[in-house]
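Below is one structure, written out as structure tokens; the observations come after it.
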Amino acid sequence: GMEEQLASYADYIFEAPDMWVSLTCILILSAVIGIISFPGTWRSEAFTGIVLLGVPALLSTFLTKPFSELFGKNLTYRRSALIALFSLGVICIGSLITGLVAYATGTPYNYTGLALTLSIVFALRTLILLGISINSLPKVLFPASLQTLFTGLLMLYLVGSPQVTFDLVVSSVIFVSAAVAFVRFVDYPMVKSFGVSSFDFLQDFIAHITEGSPEMEEFFEKIGESIDAPVSVLAFQRADGTRKAMIVTPYVHPGPMGEIGGGNLPAIVAAALGPDTVFVPHGTAYHDFNLVTADESQKIIAAAKRALERVSYSDQATKSLREVAGNTKVLGQRFGDSAFMVSTQAPTSTEDIEFAVGFTAMAECRVAGARFATIIDAHNSTEPFATAIEPGTRDSYNIIRAAGNATRRLLALPAGPVRLGVATSPPICSRLEGMGDLGIQVAVVEVDGQRTAYVVIDGNNMVAGLRERIIGRLPVDAAEVMTTDTHVVNTLSGANYVGQKLDCDLLVETIRRLVDRAIADLEPVQAGMDIEIAEDVRVFGSHKIAKLASTANAMVAMAGAFAAAVVVAALSLTLLILYFVHFP
């Protein structure tokens, strides 16, 4: 999925070493290269190395940052120093080769080789700064040129040859033009398909991973589109009319990652609709229904509040029942004349259920006679790269059929007074270990002596087999374990399921204790369901994720091939021109 892919790119982002480490390396390296490769022309070789190579690297470290800050972002002194050290490494390789050639041929050290290397560094710095800091060619050229500029000026002073300066200017123009052509070529598919630059996205992505910046949302907003999303509310109130709990199911997807877009939707919704226990399980929606910005969650909250105002309550409910069709298992219960259902494919591994599948299943329940119906994706059994349930697949028909059959059976069941108990626990581990801010929430519903436990974990899916272990330990007649599909657990990895990194024994024990507490909390309630449409919710949009992923893959594939071609062409052209200038 998109998350796996986005998160896999996060692996390439590393923290630059401390600035002083980089600067010390710069001084040592420039002195050593001076001794090894420079002719003993001026004072001493080590001194020449430090002045000619080290000083420009130090100057560009301290000057690149303020110039980048004028136009872009992300450039810290640590990163600036690392870029200068990397550039120096490239210059040193060039200088060593030049020195070796001079030594092997018995000719004097040729500064044209150094000029060539400096122009390559100019091009590389242009690419690096475009990628991480300034997505504008005119603005990037000056900060990118600093190291080449200073070394070029010092070389002119030390060597005193206008010929070398000419070589440097010619080769710089060629290599920087090649870098620019490369950038425009690689960026073309993204600009053409989405009207936005992938370099903007890359910079926002780095800012998010390293500083938690939300600017990535601007990128998603540009590519997004508006939908109308149902929001279902099942509310419980005590005999005196005070609210005890509610189950809010938004039919959008809590992604793409971290706090970006709808990544923390369950916790945001629960906080806004509290203070009583608010469960926010996963509606049937796939990544195309990711909110583009965290602000869009306000539309979901407003819809839930409107639904809540309209709820008509009843003290009658039925026992829960399990309907099975193929791999699909639906746990259903009727409250008043509405049907509440949780669907799972466990122990089979699956991803999200497409919106159309759940929407059709809800329509099937209405046809069967339910006033309102809520279908929840339990999202409780998976392995990496599992597939979503698309319309038209056998699983999709099984979900629709099971929901319709369950509704018919529920409407035929006798109803009786209902009691509810709830219990919650804060997260038993960190986000990085797979649990979001809402931790674990449990509701136990008792009708006619039958107890049903609904367990909701604020996490993104579960390792296969864990659901069965949990249910096996619970002192109730029926149970289902759900995850919210929160994506706050996905900043550094796309796959971070409940049970992958946390202590499973502790989880099972915590849930068992919570169910005991919920049973102790049982009291008579009235229940009611209503559904409201959240209008004009900005989401990624239909098939945008697949299109984004394929565009990114195409760009990566093209970049490698094109880079090789550009380097060969630029080198050949430069050598050709310099050859004719030096040997007319």
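Worth knowing before you read on, the calculation uses all heavy atoms, side chains too, and leaves out hydrogens, waters and symmetry mates.
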Problem set entry | Gap separating the CG atom of N290 from the CE atom of M257, nearest 0.5 angstrom | 11.0 Å
Exercise. Is there a donor-acceptor contact under 3.5 Å linking the side chains of Q345 and T328?
Worked result: yes
For this session: Return yes if some donor-acceptor pair links the side-chain N/O of R473 with the main-chain N/O of R512 below 3.5 Å, else return no.
Result: no
Exercise. Between T360 and A356, is there a donor-acceptor pair closer than 3.5 Å when you use the side chain of the first and the backbone of the second?
Worked result: yes
Problem set entry | Near-ring test F540/F289, centroid separation under 6.0 angstrom | no
Problem set entry | Polar side-chain atom of T483 near backbone of N461 as donor-acceptor pair, under 3.5 Å | yes
Problem set entry | Worked verdict on E480 versus K329 for salt bridge (Lys or Arg N to Asp or Glu O under 4.0 Å) | CA-CA 10 Å; E480 195 55 83; K329 302 173 185 65; over 6 Å; no
For this session: Would you indicate whether the side-chain heavy atoms of K305 and L273 approach each other to under 4.5 Å?
Result: yes
Problem set entry | Side chain E296, main chain R538, donor-acceptor under 3.5 Å | yes
For this session: Taking all heavy atoms of L308 and all of A235, pick out the closest pair and write down the distance.
Result: CD1-CB, 3.7 Å
Exercise. Below 4.0 angstrom, N of the basic side chain to O of the carboxylate: do R469 and D505 qualify?
Worked result: yes
Problem set entry | Short side-chain to backbone donor-acceptor contact, D377 and T284, under 3.5 Å | no
Problem set entry | V342 vs M482, side chain to side chain contact (heavy atoms under 4.5 Å, CB included): CA-CA, chis, key distance, verdict | CA-CA 8 Å; V342 186; M482 299 160 251; 3.8 Å; yes
For this session: Check whether any side-chain heavy atom of D204 lies under 4.5 Å from a side-chain heavy atom of H208, and answer yes or no.
Result: no
For this session: Find out whether R371 and R366 are in side-chain contact, i.e. whether some heavy atom of one side chain is under 4.5 Å from a heavy atom of the other.
Result: no
Exercise. Hey, what do you get for CE (M555) to CG (D187), rounding to the nearest 0.5 Å?
Worked result: 5.5 Å
For this session: Supply the atom-to-atom distance M246 CE to M529 CE, rounded to the nearest 0.5 angstrom.
Result: 14.0 Å
Problem set entry | Side-chain H-bond candidate by donor/acceptor type, E383 with Y497, under 3.5 Å | no
For this session: Decide if atom OH of Y313 counts as having more than 12 heavy atoms of other residues, nucleotides or ligands within a radius under 6.0 Å.
Result: yes
Exercise. Can you check whether I428 reaches E433 side chain to side chain, under 4.5 Å on heavy atoms?
Worked result: no
Exercise. Is there a donor-acceptor contact under 3.5 Å from the side chain of R334 to the main chain of L413?
Worked result: yes
For this session: Look at the aromatic rings of F335 and F340 and report parallel, tilted or perpendicular, splitting at 30° and 60°.
Result: perpendicular
Problem set entry | Check: D352 side chain, Y286 main-chain N or O, donor-acceptor pair, under 3.5 Å | no
Exercise. Side-chain contact, heavy-atom cut-off 4.5 Å: L466 with C504?
Worked result: yes
Exercise. Please walk me through it: do N327 and N398 pass side-chain hydrogen bond (donor to acceptor under 3.5 Å, both in side chains)?
Worked result: CA-CA 8 Å; N327 285 335; N398 286 337; over 6 Å; no
Problem set entry | Residue that, paired with N460, satisfies side chain to side chain donor-acceptor pair (under 3.5 Å) out of N490, T486, N496 | N490
Problem set entry | Stepwise salt bridge (Lys or Arg N to Asp or Glu O under 4.0 Å) test for E323 and R409 | CA-CA 9 Å; E323 177 74 34; R409 285 174 59 197; 2.7 Å; yes
Problem set entry | Plane angle bin for F182 and F562 - parallel if under 30°, tilted between 30 and 60°, otherwise perpendicular | parallel
Problem set entry | Pair D530 + R306, salt bridge at N-O below 4.0 Å | no
Problem set entry | Residues V191, V196; criterion side chain to side chain contact (heavy atoms under 4.5 Å, CB included); working and verdict | CA-CA 5 Å; V191 173; V196 285; over 6 Å; no
For this session: Could you tell me whether the side chains of N135 and D200 share a donor-acceptor contact shorter than 3.5 Å?
Result: yes
Exercise. Between CD of Q203 and CG of L75, what distance do you get to the nearest 0.5 Å?
Worked result: 10.5 Å
Exercise. Which atom pair, heavy atoms only, marks the closest approach of A423 to A518?
Worked result: CB-N, 3.8 Å
Exercise. Donor-acceptor pair, D228 side chain versus D536 backbone, under 3.5 Å?
Worked result: yes
For this session: Work out which heavy atom in P214 is nearest to a heavy atom in I260; give both atom names and the distance.
Result: CA-CD1, 3.7 Å
Exercise. Is K547 close enough and on-axis enough to F194, meaning under 6.0 Å and within 45°, for cation-pi?
Worked result: yes
Exercise. Does any non-hydrogen side-chain atom of V442 lie less than 4.5 Å from one of T424?
Worked result: no
Exercise. Taking all non-hydrogen atoms of both residues, which atom of A317 and which atom of V418 are closest, and how far apart?
Worked result: CB-CB, 3.8 Å
Problem set entry | I247 side chain near F236 side chain, heavy-atom distance below 4.5 Å | yes
For this session: May I ask you to check whether over 12 heavy atoms, not counting those of R322, lie within 6.0 Å of atom CZ?
Result: yes
Exercise. Is the side chain of Q441 donor-acceptor paired with the backbone N or O of V456 at a distance under 3.5 Å, no angle test?
Worked result: no
Seminar exercise, completed: Closest non-hydrogen atoms of R467 and A346, given as atom of the first, atom of the second and distance, are CD-CB, 3.5 Å
For this session: Show the numbers, then the answer: is there a side chain to side chain contact (heavy atoms under 4.5 Å, CB included) between T249 and H282?
Result: CA-CA 6 Å; T249 313; H282 186 29; over 6 Å; no
Problem set entry | Shortest non-hydrogen contact between S297 and I268, atoms and distance | OG-CG2, 3.6 Å
For this session: State whether a side-chain donor-acceptor pair under 3.5 Å links N74 with S133.
Result: no
Exercise. At what distance, to the nearest 0.5 angstrom, does NZ of K139 lie from CZ of F71?
Worked result: 7.0 Å
For this session: Run the numbers on Y251 and F355 for side chain to side chain contact (heavy atoms under 4.5 Å, CB included), then give the verdict.
Result: CA-CA 7 Å; Y251 287 81; F355 174 75; 3.8 Å; yes
For this session: Could you tell me whether a side-chain N or O of R310 sits under 3.5 Å from a main-chain N or O of I531, the two making a donor and an acceptor?
Result: yes
Problem set entry | pair L420-V444: side-chain heavy atoms closer than 4.5 Å | no
Seminar exercise, completed: Separation between CD (E259) and CG (L265), nearest 0.5 Å, reads 11.5 Å
